[in-house]
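For the single chain, residues carry numbers from 1 onward in sequence order.
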Amino acid sequence: QVQLAESGGGLVRPGGSLRLSCAASGIRFSRYDMGWYRQAPGKQRELVADITSGGLTNYVDAVKGRFAISRDNSMNTVFLQMNSLKPEDTAVYYCHADRIAYPCIECGPIRNEYWGQGTQVTVSS
């Protein structure tokens, strides 16, 4: 059974820091691109940061220079270090795993993706 277990959320003051963790089980973790998404009340879910199976990273402009995504394949875990937090960072943060599989020559690529249950991050004075 595939499971993405997020942790590390909580209440923090503006300017503070949090580190989110997502521990994956039931997948060949090193083969997956991993990402962090967030969804604030009344807004669409958006990509915050992702990291490919090869270690390439990407960030939404709003968090560049403040957040850092990393992965430890030996721990089957992806992290999101969040610094200089702002009230607008308040959201539920979701872990995402994504890969394209090639089960056979003729059947074409098959996408596998999974979502965690989310962890609440609240930035408030």
Taking all heavy atoms of [X] and all of [Y], pick out the closest pair and write down the distance.
X	Y	answer
Asn73	Phe29	OD1-CE2, 3.1 Å
Ile100	Pro109	CG2-CB, 3.3 Å
Ala91	Ala40	CB-N, 3.8 Å

Dump the intermediate steps for side-chain contact (heavy atoms from CB on, under 4.5 Å) on Ser124 and Leu11, then the final yes or no. CA-CA 7 Å; Ser124 176; Leu11 175 64; 4.2 Å; yes

Under a 4.0 Å threshold between the charged nitrogen and the carboxylate oxygen, would Arg111 count as salt-bridged to Asp98? yes

Between the side chain of [X] and the main-chain N/O of [Y], is any donor-acceptor distance below 3.5 Å?
X	Y	result
Tyr59	Ile69	yes
Arg31	Ile27	no
Glu6	Gln117	yes
Gln81	Arg19	no
Thr57	Ile51	no
Thr119	Gly9	yes
Arg38	Val92	no

Could you tell me whether Arg71 sits above the aromatic face of Phe79, with NZ or CZ closer than 6.0 angstrom to the six-membered ring centre and within 45 degrees of the axis? no

With a distance cut-off below 6.0 Å to the six-membered ring centre and an angular limit of 45° from the axis, does Arg45 pair with Tyr94 as a cation-pi contact? yes

Using salt bridge (charged side-chain N to carboxylate O under 4.0 Å, His left out), reason through Lys86 and Asp89 one step at a time and then give a plain yes or no. CA-CA 5 Å; Lys86 303 175 180 180; Asp89 296 319; over 6 Å; no

Euclidean distance, [Y] [atom2] relative to [X] [atom1], rounded to 0.5 Å:
X	Y	atom1	atom2	value
Leu20	Ser7	CG	OG	8.0 Å
Tyr93	Met82	OH	CE	5.5 Å
Met34	Ser53	CE	OG	11.0 Å
Asn83	Phe67	CG	CZ	8.5 Å

Measure from the ring center of Tyr37 to the ring center of Trp115 and say whether it is less than 6.0 Å. yes

Check: [Y] and [X] side chains under 4.5 Å, non-hydrogen atoms:
X	Y	answer
Asp50	Thr52	no
Val78	Cys95	yes
Leu85	Thr90	no

Checking Leu56 against Asn58 for the side-chain contact (heavy atoms from CB on, under 4.5 Å) test, could you report, in this order, the C-alpha distance in whole Å, the side-chain angles of both residues, the deciding distance, and whether it holds? CA-CA 7 Å; Leu56 299 178; Asn58 179 61; over 6 Å; no

Might you confirm whether atom CD of Glu88 has over 12 heavy atoms from other residues, nucleotides or ligands at distances under 6.0 Å? yes

Heavy-atom neighbours of Glu46 CD exceed 12 at 6.0 Å: yes

